[in-house]
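Accompanying notes for the structure given below.
As the structure is a computational prediction, the values presented were derived from the model and not from experiment. Quick note: numbers below take in every heavy atom, side chains included, and nothing from hydrogens, waters or symmetry partners.
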Amino acid sequence: MVEIELDGQKVEVAEGCMVMHAAEKAGTYIPHFCYHKKLSIAANCRMCLVDVEKAPKPMPACATPVTQGMIVRTKSDKAIKAQQSVMEFLLINHPLDCPICDQGGECQLQDLAVGYGGSSSRYEEEKRVVFHKDVGPLISMEEMSRCIHCTRCVRFGQEVAGVMELGMIHRGEHSEITTVTGDTVDSELSGNMIDICPVGALTSKPFRYSARTWELSRRRSVSPHDSTGANLIVQVKNHKVMRVVPLENEAVNECWIADRDRFSYESLNSDERLTQPMLKQGGVWKEVDWQTALEYVANGLKNIKSDHGASSIGALVSPHSTLEELYLASALVRGLGSDNIDYRLRNAEFAAPEGIRWLGTSIASLSTLQRVLVVGSNLRKDHPLFAQRIRQAARHGCQVSAIADVAYDWAMPVQSFVAQGASEWVYTLGRIASAIAQEKGVTAPQGAAAADDAAQAIARSLLGGERKAVLLGNGAAHHAQATQLLALANWIGEQTGASVGYLTEAANTVGAQFVGAHPVNGGLNAGQMLSGGLKAALLLNTEPVHDSAAGAQAIAALAGAEMVVTLSPFKANLEFSDVLLPIAPFTETSGSFVNAEGRIQGFHAVVRPLGDTRPAWKVLRVLANLLGVPGFDFETSQDVLARATNAPAGTVTQVPAAQLSNTVKAVPAATTAAGEPVVASIYQLDGLLRRSTSLQLTADARLAREGVAA
């Protein structure tokens, strides 16, 4: 540790730290633009100049290492004058368009100009002009004349997103940030460039000119998409979501969010929103009131139960639904006497649950891994924020190995990438197990194939290092031999000391297991229900044609049922539904999501329900009451959460460790994998994403429509 004196205060920091780090520790603010705690040091804005005793001139705090006994003054005349001079230079070419700038009110340059800028300029020459660039549907670069060349966006692309999509060309006042070749910015994390831009050079294209920052209310929420559980700030005006930005949570999403977390809000006010209950009568959809719709559903379910038995009723539920909704859907179906409920819509294998499948380690630990093997995942697109953490680990020497159907570009160094069809994954893991057994002198798992060169390379990698993980992706989870893959991964983990876990697909995949949203007493699984096994089907927040392995075949299967009830925020499943009940998306209801590490995160509604929409937990409660199912006397979603967790609401913030398990007790006999596992592309994962206009205009969405692997 090194001790320095900062503005008369003694501060102790680690050797190698910069003066800026010491100031942060001491709670002293030093003005800056190019410095960002998550990016490398560039020292090119010079706004953080400070007075260091015995130094002949002011020094940049972000790039000056501390030394024992150093004396630093951040508010001396020398420091203030230097900072004012830098500000004067920064404002020479800056356009005076704060009144129309989207960044106005939350602009670092604007804030610091008040403290360090002059009231008038000494320069009368013409200001430079930088022409705008079209870089895609998400980021606006219309006013690049505002750019102060801090290069935060460039460094973010290189270091966090892994792709240098922006760079600086020319020199002096002719310098400009551009894509160089005129390409679009296509990173799945690109929206973070908007947040870290300290001026209004990069702004949100969907949000552009729609509101001023001081008009917006800021409310916390949690992303309903992938299993990271990214923390969000949802910004609202007149009960309408206008913008979504990250809420910093170092243990979950740090200060980043994926583009699908940021821009999916567009679908919340789309023309496809369902705002009134609807019944199909004579093949024609008609709007009705809630009482009519719910009584119709209740009477229909009673009649079907009477005619065909409770086992003819089932529910297909989305793992993007809240914990409370999943619990009540399960309780409702079981209250009717059926065990037909499932969230595993894209699975090909439905092994009896032996524990709650989860990540196997903490999300934060992914950043510090030294060895990792990823099986059956397009990591960068399926889990952008997990990929970002593993990318940071790779930058510090982590050896990444992968098995997938295609050699994807993960924007990070991958030591070994075995690209094979899904039917070969079990054999490949077996070869890796054989290579490990050979290296350690132990017996390989029964039936494991002989090791080849690629398997030996992965085995040697996993046998080195200390912090290791074997991660099974969406393709492995949906695989026809999913249990065999997990059993082999567990064997590899035991022999190498690696944690083993699932990346998990959706916001509540772990939560759905926690509340038992799957058959536990011999009920029909999702595959059987989507093969025509039901007379009455409840579809909670899901569109089987897009969300299930059955795909278009689900239409015929569900059309054969006597009653199909869709609970959705959108006009969905029109081909085979008999009733549409408008339920609230995550912004219009309260609830909880459980992320891949088992962390339970609650959130509240940020806007009131649109039209006659109702929170799904309320709809399920009333429906249960009409059906005479006992135990549905909930007043709030917190009451539901308390019942689901068997503890007062808010006291359980983590799924109990005793219930989290990736072990396999009984491995089914070897089978031939039936085709490729069904995995949703990045912007087709759920109904919100499918209806987000800007996301559907991206390169990733276009490639998915064309059937090209990203």
Side-chain angles (χ1 to χ4, degrees), residues 24 36-39 102-103 105-108 111 138 152 156 160-161 188-198 202-204 206-207 211 213-237 239-266 268 320 322-323 362-364 366-367 383-389 392 506-508 511 585-607 637 641 650 653-654 688-689 692 695:
E24 288 177 343
H36 190 281
K37 63 183 179 181
K38 293 291 183 180
L39 304 177
D102 266 352
Q103 196 90 339
E106 54 185 10
C107 174
Q108 279 182 260
D111 293 342
L138 305 181
R152 279 186 179 183
F156 173 85
V160 180
E188 62 283 350
L189 299 172
S190 65
N192 293 290
M193 295 180 184
I194 299 167
D195 294 333
I196 62 176
C197 180
L202 303 180
T203 54
S204 169
F207 174 71
T213 181
W214 53 84
E215 298 174 322
L216 302 174
S217 299
R218 290 159 173 79
R219 294 157 189 175
R220 296 186 177 193
S221 193
V222 179
S223 169
H225 304 303
D226 64 33
S227 58
T228 307
N231 290 204
L232 311 175
I233 294 289
V234 181
Q235 300 183 348
V236 175
K237 177 184 177 183
H239 296 286
K240 181 178 178 181
V241 176
M242 305 299 293
R243 184 167 61 168
V244 175
V245 296
L247 171 64
E248 185 171 352
N249 186 333
E250 196 64 27
V252 179
N253 56 298
E254 301 177 88
C255 57
W256 316 119
I257 56 174
D259 286 351
R260 63 185 174 197
D261 303 325
R262 184 183 302 272
F263 296 108
S264 65
Y265 73 87
E266 284 187 294
L268 298 172
H320 299 278
T322 69
L323 193 71
S362 68
I363 291 175
L366 298 179
S367 301
H383 300 90
L385 294 175
F386 289 171
Q388 182 274 133
R389 284 190 179 271
Q392 303 317 307
N508 238 346
F586 79 108
T587 52
E588 298 169 19
T589 185
S590 57
S592 308
F593 290 131
V594 185
N595 70 5
E597 65 181 357
R599 183 188 297 258
I600 302 174
Q601 300 184 105
F603 57 92
H604 297 286
V606 298
V607 293
S637 64
L641 180 62
T653 58
Q654 181 78 25
L688 287 173
L689 296 172
S692 174
L695 291 178

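- Rounding to the nearest 0.5 angstrom, the gap separating the CG atom in N192 from the CD1 atom in I257 is 6.5 Å.
- In summary, the side chains of T203 and D102 do not present any donor paired with an acceptor at a separation below 3.5 Å, with no hydrogens or angles considered.
- Of all heavy-atom pairs spanning I194 and S204, the tightest one is CD1-CA, 3.6 Å.
- Contact detail for P198 and Q103: the closest heavy-atom pair is C-NE2, 4.0 Å.
- Of all the heavy atoms in S592 and G602, the pair that sits closest is OG-CA, 3.9 Å.
- One finds the CG atom of L138 at 6.0 Å from the CG atom of L695 (value rounded to the nearest 0.5 Å).
- With N595 as reference, I363 is the one residue of T228, I363, I600 to meet the side-chain contact (heavy atoms from CB on, under 4.5 Å) rule.
- Without hydrogens or angle criteria, Q601 side chain to G229 main chain gives a donor-acceptor distance under 3.5 Å.
- Contact annotation: the side chain of T213 approaches that of R218 to within less than 4.5 Å [non-hydrogen atoms, C-beta and beyond].
- With V606 as the fixed residue, the side-chain contact (heavy atoms from CB on, under 4.5 Å) test singles out one of T589, V244, V236: V236.
- Pairing each heavy atom of V222 with each of L232, the nearest pair is C-CD1, 3.9 Å.
- Between K38 and E248, none of the side-chain N atoms (NZ, or NE/NH1/NH2) sits under 4.0 Å from a carboxylate O, so this pair counts as no salt bridge.
- No donor-acceptor pair closer than 3.5 Å links the side chain of N249 to the backbone N or O of A230.
- L366 CG to E597 CD: the interatomic distance, rounded to the nearest 0.5 Å, is 9.0 Å.
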Next item on the list: Test side chain to side chain donor-acceptor pair (under 3.5 Å) on R262 and S692 and set out the steps.
Entry: CA-CA 11 Å; R262 184 183 302 272; S692 174; over 6 Å; no

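- Without hydrogens or angle criteria, H320 side chain to P224 main chain gives a donor-acceptor distance under 3.5 Å.
- Nearest heavy atoms, I196 versus R152: O-NH1, 2.8 Å.
- No donor-acceptor pair under 3.5 Å is formed between the side chain of E24 and the backbone N or O of K37.
- Residue L323 comes nearest to N508 through the heavy atom pair N-ND2, 3.0 Å, listed as atom of the first residue, atom of the second, then distance.
- Applying the side-chain contact (heavy atoms from CB on, under 4.5 Å) test between P206 and each of M242, R243, E266 identifies E266 as the sole match.
- Side chain of Q235 to main chain of E215: no donor-acceptor pair is present (N/O by atom type, distance under 3.5 Å, no hydrogens or angles).
- To the nearest 0.5 Å, atom OH of residue Y265 and atom OG of residue S221 are 15.0 Å apart.
- Between W256 and H36, the ring planes lie parallel to each other; the angle is under 30°, not in the 30° to 60° tilted range.
- For the atom pair CG (N231) and CG (N253), the distance works out to 5.0 Å, reported to the nearest 0.5 Å.
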Notebook entry, point to check: Could you walk me through whether D226 and R260 pass the side-chain contact (heavy atoms from CB on, under 4.5 Å) check?
Noted result: CA-CA 9 Å; D226 64 33; R260 63 185 174 197; 3.0 Å; yes

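- Interatomic distance, CG of D259 versus CG of L689, reported as 11.0 Å (0.5 Å rounding).
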